[in-house]
Number of protein chains: 2
Amino acid sequence: MDERQALAAFGALSQETRLRVLRMLVVAGTDGLAAGVIAEKADVSASNVSFHLKELERAGLASARRDARSIIYSAEYDALSGLIRFLMEDCCSGRPEICSPVVDAASCCVPTRDIVQ
Amino acid sequence: MDERQALAAFGALSQETRLRVLRMLVVAGTDGLAAGVIAEKADVSASNVSFHLKELERAGLASARRDARSIIYSAEYDALSGLIRFLMEDCCSGRPEICSPVVDAASCCVPTRDIVQ
DNA sequence: TCCATATTTCGATAATCCTTGAAGTGTTGA
DNA sequence: TCAACACTTCAAGGATTATCGAAATATGGA
């Protein structure tokens, strides 16, 4: 992830509806969610959710595929973890001790003793 | 870090000058940098850098203190790591396997075997 | 084929954000 | 106290972003 992509991603996440939608998509997993379902869950109009989904897509944080009449959106996990790594590079550069709380938080996901190398 | 703070932080980081300035501050460490130095490094006008520094401050990502004629800005590491944790919660919620690349990246900072508890 | 469904695109408007230069505030040293 | 310095604030303008409703596109079923 370069600066350009990071800027786009931060921009995408800086809007309330979009942040909520992305979180929905993350929870929904690889199955994704139809645009209509997202609109309903987020309580916004069809055209508005479409606008925001496009923004998330443009930023690389979501992707779309058609399924019959619906268009299914899903989170781009690689982009999300790339963004986290981008932030961590900032955070850690020159100051390794800063990141330990983050690493602690990460340990909720993957037991630290299982990380090899 | 709640949604409100995260939105503000993402907004702050979604602008090129601000992202660069924050990275400078992170590298500069707790000593921080004077506004004038930042302006020069970032190649923007005094009033413009002041505007962006205020935004970073408002988002909780930087703080200011006066030192003689200068105003010294420094990165708020807690906010930064809070933001990373916020993103990780999103990323991991329901999908623990996603975070492993992030944890790998984190291991560059703190040797995983040193994390106790 | 025709209609209903699901979503996107468009055009207009409102809102927010960024930039600039000029004026203002606080600090130091002569 | 006055001038220079370091920075901030202000007001105005331009640029980008968000929202809305209406019209357009694509799909599936009767």
Side-chain angles (χ1 to χ4, degrees), chain A residues 3-25 28 31-76, chain B residues 3-25 28 31-76:
Chain A
E3 191 189 80
R4 200 162 202 82
Q5 292 173 291
L7 281 168
F10 288 134
L13 296 178
S14 69
Q15 207 278 340
E16 194 173 353
T17 302
R18 282 197 298 261
L19 182 58
R20 294 221 173 116
V21 167
L22 184 73
R23 298 179 95 174
M24 279 180 211
L25 293 180
D31 289 351
L33 290 174
V37 174
I38 298 170
E40 197 176 13
K41 281 193 170 199
D43 193 33
V44 295
S45 72
S47 80
N48 191 244
V49 90
S50 182
F51 170 81
H52 288 304
L53 286 167
K54 270 255 156 351
E55 288 293 303
L56 286 172
E57 216 184 343
R58 211 169 52 87
L61 295 171
S63 59
R65 67 191 142 89
R66 179 174 279 278
D67 176 28
R69 285 189 236 198
S70 294
I71 295 188
I72 310 292
Y73 285 87
S74 17
E76 280 291 326
Chain B
E3 192 190 78
R4 200 162 202 84
Q5 293 174 291
L7 281 168
F10 288 134
L13 297 178
S14 69
Q15 207 278 339
E16 194 174 352
T17 302
R18 283 197 297 261
L19 182 58
R20 295 220 172 117
V21 167
L22 184 72
R23 298 178 94 174
M24 280 181 212
L25 293 180
D31 289 350
L33 290 173
V37 174
I38 299 169
E40 197 176 15
K41 280 193 171 200
D43 194 31
V44 296
S45 72
S47 81
N48 192 243
V49 90
S50 182
F51 170 81
H52 287 305
L53 286 167
K54 268 256 156 348
E55 288 292 304
L56 286 171
E57 216 184 343
R58 212 171 51 86
L61 295 171
S63 59
R65 67 192 143 90
R66 179 175 278 278
D67 175 28
R69 284 190 235 199
S70 295
I71 295 187
I72 309 291
Y73 286 87
S74 16
E76 280 291 326

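Residue numbers begin at 1 in each chain, while the letters A, B, ... track the order of the sequences.
For A/His52 and D/dT19, the shortest distance from a side-chain N or O to OP1 or OP2 is below 4.0 Å. OP1 or OP2 of D/dC7 has not a single side-chain nitrogen or oxygen of B/Lys54 nearer than 4.0 Å. The shortest distance between the side-chain N/O atoms of A/Gln15 and the OP1/OP2 oxygens of D/dT19 is below 4.0 Å. In terms of phosphate contacts, A/Tyr73 brings a side-chain nitrogen or oxygen within less than 4.0 Å of OP1 or OP2 of C/dT8. The shortest distance between the side-chain N/O atoms of B/Ser45 and the OP1/OP2 oxygens of C/dG21 is not below 4.0 Å.
Atom CG in A/Leu7 sits about 16 Å away from atom C1' in D/dT17, given to the nearest Å. In this structure, B/Lys41 atom NZ and D/dA6 atom C1' are separated by 18 Å, rounded to whole Å. The distance between atom CG of A/Asp67 and atom C1' of D/dT27, rounded to the nearest whole Å, is 11 Å. Note: CD (A/Glu16) to P (C/dA15) measures 17 Å, nearest angstrom. Rounded to an integer number of Å, the gap from B/Asn48 CG to C/dA22 P is 16 Å. Atom CZ of A/Arg65 is separated from atom P of C/dA6 by 17 Å (rounded to the nearest Å). The distance between atom CD1 of B/Ile72 and atom C1' of C/dT27, rounded to the nearest whole Å, is 13 Å. Taking atom CZ of residue A/Phe10 and atom P of nucleotide D/dT16, one finds them 21 Å apart after rounding to whole Å.
Side-chain proximity of A/Arg69 to C/dT5, C/dT8, D/dT9: nearest is C/dT5. Here D/dA22 is the nucleotide among D/dA22, C/dA6, D/dC7 with the atom lying nearest to any side-chain atom of A/Ser47. Checked against C/dT27, D/dA26, D/dC7, the side chain of B/Arg66 finds its nearest nucleotide in C/dT27.
The only option from A/Val49, A/Ile38, A/Leu22 that meets the side-chain contact (heavy atoms from CB on, under 4.5 Å) definition with A/Tyr73 turns out to be A/Ile38.
A donor-acceptor pair is defined here as one N or O able to donate and one able to accept, closer than 3.5 Å; no such pair exists between the side chain of B/Ser50 and the backbone of B/Ser47. Formation of a donor-acceptor pair under 3.5 Å by the A/Arg58 side chain with backbone atoms of A/Gly60 is not found in this model. A donor-acceptor pair under 3.5 Å links the side-chain atoms of B/Arg18 to the main chain of B/Ala12, judged by distance alone.
Among the heavy atoms of the strands lying under 4.0 Å from B/Ala68 are primed sugar atoms or P, OP1, OP2 only; no base atom is included. As judged by a 4.0 angstrom heavy-atom cut-off over every strand, A/Ser70 is placed among residues touching the sugar-phosphate backbone only. Within the nucleic acid shown, A/Ala46 comes within 4.0 Å of at least one base atom, counting heavy atoms only.
Here A/Leu56 contributes atom CG and A/Ser63 contributes atom OG; the two are 11.0 Å apart, rounded to the nearest 0.5 Å.
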Practice prompt. Starting from the C-alpha separation in whole Å, work towards a yes-or-no answer on side-chain contact (heavy atoms from CB on, under 4.5 Å) for B/Glu16 and A/Leu7.
Written response: CA-CA 7 Å; B/Glu16 194 174 352; A/Leu7 281 168; 4.0 Å; yes

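Sequence order on DNA chain C of the closest nucleotides to B/Glu55 and A/Val49 puts A/Val49 first from the 5' end. Comparing A/Phe51 and B/Ala34 against DNA chain D, the residue whose closest nucleotide sits nearer the 5' end is B/Ala34.
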